[in-house]
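Taking it in order: structure first as structure tokens, then the write-up.
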Amino acid sequence: MIRDLDLALLRTFVTIADAESFTRAAARLDLTQPAVSLQMRKLEGLLDRQLFDRRHGGVALTVQGSDLLPQARRLLALNDQILASLRETEIEGDVRFGAPEDLASTHLPTIIARFAERHPRVRLSVTCDFTANLMTALSQGRIDLALIKRRPAPRGSDERVFEERLVWLAREAGQFEARPLPLVIAPTPDAYRARALDALQEADISFREAFVSPSLAGQLAAVRAGLGVAIAPATLAPKDLVVAGQVLPTPAAVEIALLIGKGRAGGAVELLAREVKDVIFR
């Protein structure tokens with residue numbers, strides 16, 4: 001029995017099966033028809049199996065050939081995948097990535113570590129800022145791709161990734177009843193701030209800004225100190241804080257999307273976009 005299969009022979013075999021012709025397969029492989037026939041005789045000899053029925057002036061798979069075809073496809077697909085991944089590590093260049101502070105602080109270390117390991121020749125720089133500022137930087141070509149927060153876009157949008165549910169947080173449940181409601185909040189133009197103020201104004205609930213910080217970590221520290229009520233993504237809500245439930249109006253959801261700058265798709269940018277989606281949106 002042979003120990004190793006010849007992938008070149010298997011590729012020729014699959015091409016013949018797809019083309020249903022030795023002649024057409026030879027043209028696709030840029031080989032002569034005698035060379036293709038010789039390869040198949042060699043493969044059949046190695047496997048001790050007849051793979052094609054060449055009678056009646058045509059080419060058809062035998063039972064053994066039909067059994068081999070899906071397995072050959074899997075082997076070739078794995079081979080191509082391995083080679084493609086090795087080629088990706090050779091990509092060089094610079095990638096400028098933007099993200100909101102809360103998403104960057106929770107997911108960015110994993111993204112950077114994985115990306116640097118897989119693509120050591122790519123230089124990555126990161127900007128943390130509000131969505132409005134990231135959108136401006138993206139449109140001006142100062143960054144290549146950005147995670148942004150926005151109102152949910154139409155379902156057909158290719159940029160959609162997921163919707164983030166927002167919740168109210170406090171150190172003690174009684175703080176949700178205070179009027180005016182003491183807010184621990186980010187400054188304009190933060191997307192979570194906009195959702196919080198919209199919800200409170202629509203419900204005619206008075207409020208005051210008790211603590212303002214662009215950092216989610218800073219806001220949560222203020223909440224733990226009892227300074228007021230904050231709004232945050234449900235997925236990032238600490239277990240030591242109280243969630244409002246129905247006491248306060250439910251804020252509208254925020255969509256988290258990954259945008260690539262015009263003309264920046266492909267190469268290292270596309271590789272980073274894939275990494276971001278694998279880490280954050282899996």
Side-chain angles (χ1 to χ4, degrees), residues 77-166 186-195 214-217 232-236 252-282:
L78 180 58
N79 173 79
D80 295 346
Q81 179 183 345
I82 292 172
L83 290 179
S85 66
L86 291 175
R87 283 192 292 269
E88 286 179 354
T89 63
E90 299 174 358
I91 291 179
E92 300 181 1
D94 298 279
V95 180
R96 301 162 299 174
F97 176 52
E101 181 268 342
D102 56 324
L103 294 176
S105 62
T106 52
H107 299 293
L108 198 57
T110 301
I111 293 171
I112 291 177
R114 287 176 46 158
F115 188 77
E117 180 180 359
R118 295 176 180 178
H119 312 290
R121 299 185 182 183
V122 178
R123 293 174 294 277
L124 175 63
S125 61
V126 180
T127 299
C128 294
D129 209 332
F130 295 116
T131 286
N133 298 334
L134 293 175
M135 292 292 290
T136 299
L138 197 65
S139 65
Q140 294 177 349
R142 291 187 280 113
I143 58 176
D144 302 309
L145 71 167
L147 276 171
I148 61 135
K149 306 170 187 175
R150 67 182 183 190
R151 296 186 184 277
R155 288 289 173 178
S157 171
D158 292 336
E159 300 162 348
R160 167 177 292 277
V161 283
F162 73 86
E163 285 187 9
E164 184 74 88
R165 185 172 63 89
L166 301 177
T188 303
D190 179 65
Y192 298 161
R193 173 191 176 91
R195 299 299 183 278
S215 166
L216 179 61
T235 55
L236 300 180
V254 169
E255 182 176 88
I256 308 300
L258 180 63
L259 305 185
I260 298 177
K262 186 176 181 180
R264 299 300 302 161
V269 173
E270 196 67 40
L271 293 177
L272 179 58
R274 187 189 311 167
E275 199 71 64
V276 171
K277 291 178 181 178
D278 286 347
V279 171
I280 298 182
F281 311 130
R282 62 180 181 270

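Treat the numbers as computed from the prediction; the structure is a model and nothing was measured. Computed from heavy atoms alone, side chains included, the values below leave out hydrogens, waters and symmetry copies. For this chain, numbers begin at 1 and follow the sequence in order.
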Got a second to check how far E117's CD is from I112's CD1, nearest 0.5 Å? 14.0 Å
Sub-3.5 Å donor-acceptor pair from the side chain of R96 to the main-chain atoms of G141, do we have one? yes
Should L258 and F97 count as side-chain neighbours, where that means a heavy-atom distance under 4.5 Å? yes
Residue pairs meeting side-chain hydrogen bond (donor to acceptor under 3.5 Å, both in side chains), one or both in residues 260-271, sequence neighbours left out, come to D144-R264
Do R142 and T136 have side chains that approach each other closer than 4.5 Å (heavy atoms only, starting at C-beta)? yes
Hey, could you give me the CG/CG distance between L138 and N133, rounded to the nearest 0.5 Å? 12.5 Å
Qualifying residues under side chain to side chain donor-acceptor pair (under 3.5 Å), relative to R193, sequence neighbours excluded: T188, E209
Heavy-atom side-chain contact between D102 and K149 under 4.5 Å: yes
Does some side-chain heavy atom of L259 sit less than 4.5 Å from a side-chain heavy atom of M135? yes
Do the side chains of V95 and L145 get nearer than 4.5 Å, heavy atoms only? yes
Validation row: L147, L134 side chains within 4.5 angstrom (heavy atoms): no
The criterion is side-chain contact (heavy atoms from CB on, under 4.5 Å); which residues satisfy it with A116, sequence neighbours excluded? none
